[in-house]
Amino acid sequence: MSDCLFCKIVDKKIPAKTVYEDAEVMIFEDVQPQAPVHWLAIPKVHITSVNDLEGDLHAALLGYVVLKIKQAAQRAGVHDFRLVINNGPLSGQSVFHLHVHLLSGRALKWPPG
Ligand code: AMP
């Protein structure tokens with residue numbers, strides 16, 4: 001999608017600090033980190049939100065995104081972390097390209113705000 005921020009990151013039109021990338025997935029540092037480690041993992045294909053997930057391909061893709069997060073975290077020596085997906089404006093979603101936050105490096109409170 002031409003007006004999507006994260007699609008522009010995938011297309012290298014906007015720079016990002018890439019942690020991991022392959023044909024399906026990109027993981028990069030959040031520009032406004034909320035923890036010492038704060039990454040965003042996205043499918044490269046544009047999916048707006050969890051509400052837009054459908055079918056076996058999306059199911060497999062989301063599982064693959066989570067697997068790649070785990071592998072990247074392990075490579076970085078990050079073992080305790082929280083994964084967050086905001087879905088919709090009331091949840092806090094501000095970029096409408098499905099993404100999984102990885103937060104780590106400090107004690108995280110529960111429940112989140
Ligand atoms: P959310 O509020 O769940 O939609 O998360 C969107 C995240 O994208 C926020 O944590 C922002 O700090 C982050 N963000 C916005 N623009 C950029 C960017 N250009 N590079 C990296 N992260 C970004």
Side-chain angles (χ1 to χ4, degrees):
M1 280 203 11
S2 59
D3 60 345
C4 169
L5 176 65
F6 288 173
C7 286
K8 287 179 184 164
I9 287 177
V10 169
D11 292 340
K12 315 287 189 216
K13 291 177 179 155
I14 293 177
K17 292 186 178 170
T18 303
V19 174
Y20 173 81
E21 181 174 10
D22 65 21
E24 309 293 339
V25 171
M26 194 166 173
I27 304 175
F28 52 94
E29 294 181 9
D30 195 294
V31 78
Q32 284 189 293
Q34 303 300 312
V37 183
H38 187 175
W39 299 343
L40 301 171
I42 63 171
K44 286 191 165 178
V45 64
H46 184 87
I47 301 168
T48 301
S49 70
V50 169
N51 282 339
D52 298 285
L53 287 170
E54 54 186 17
D56 292 347
L57 283 178
H58 281 178
L61 181 56
L62 190 56
Y64 185 73
V65 169
V66 173
L67 180 68
K68 292 297 150 182
I69 293 170
K70 183 209 78 162
Q71 290 173 343
Q74 284 183 334
R75 277 195 301 275
V78 173
H79 299 290
D80 290 3
F81 52 81
R82 181 175 293 170
L83 301 183
V84 175
I85 304 177
N86 293 322
N87 180 65
L90 272 184
S91 75
Q93 186 176 6
S94 62
V95 177
F96 291 88
H97 180 131
L98 178 64
H99 51 282
V100 182
H101 296 256
L102 176 145
L103 297 151
S104 187
R106 66 173 172 83
L108 298 168
K109 294 193 174 121
W110 189 264

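- At distances below 3.5 Å, at least one donor-acceptor pair connects side-chain atoms of His97 with backbone N or O atoms of Pro43.
- Nearest heavy-atom pair, Ala35 versus Ser104, reported as atom, atom and distance to 0.1 Å: CB-O, 3.4 Å.
- Taking a 6.0 Å sphere around CD of Gln74, one finds it holds more than 12 heavy atoms contributed by other residues, nucleotides or ligands.
- Separating the NZ atom in Lys17 from the CH2 atom in Trp39 is a distance of 13.5 Å, to the nearest 0.5 Å.
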- Go through Arg82 and Leu102 one step at a time and tell me if the side chain to side chain contact (heavy atoms under 4.5 Å, CB included) criterion holds. CA-CA 6 Å; Arg82 181 175 293 170; Leu102 176 145; over 6 Å; no

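- Atom-to-atom distance recorded for Ile47:CD1 and Phe96:CZ is 15.0 Å, nearest 0.5 angstrom.
- Of the options Val78, Val19, Ile27, a side-chain contact (heavy atoms from CB on, under 4.5 Å) to Ile69 is made by Ile27 and by none of the others.
- When atom types are taken as modelled, the side chain of Asn87 and the backbone of Asn51 share a donor-acceptor pair closer than 3.5 angstrom.
- Heavy-atom contacts from other residues, nucleotides or ligands closer than 6.0 Å to NZ of Lys12 number more than 12.
- In this structure, Phe6 and Phe28 have perpendicular ring planes: the angle between them is above 60°, well past the 30° mark.
- Going from atom NE2 of His99 over to atom CG of Asp30 covers 8.0 Å, rounded to the nearest 0.5 Å.
- Side-chain atoms of Lys13 never come within 3.5 Å of backbone atoms of Cys7 as a donor-acceptor pair (strictly under, hydrogens ignored).
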- Could you walk me through whether Leu98 and Asp52 pass side chain to side chain contact (heavy atoms under 4.5 Å, CB included), step by step? CA-CA 9 Å; Leu98 178 64; Asp52 298 285; over 6 Å; no

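- Summarising the geometry of Gln34 relative to His38, their closest heavy-atom pair is N-ND1, 3.0 Å, with the distance given to 0.1 Å.
- Minimum interatomic distance between Gln93 and Ser49 (heavy atoms only, all atoms of both residues): OE1-CB, 3.6 Å.
- Closest approach of Val10 to Met26, counting heavy atoms only: CA-SD, 4.0 Å.
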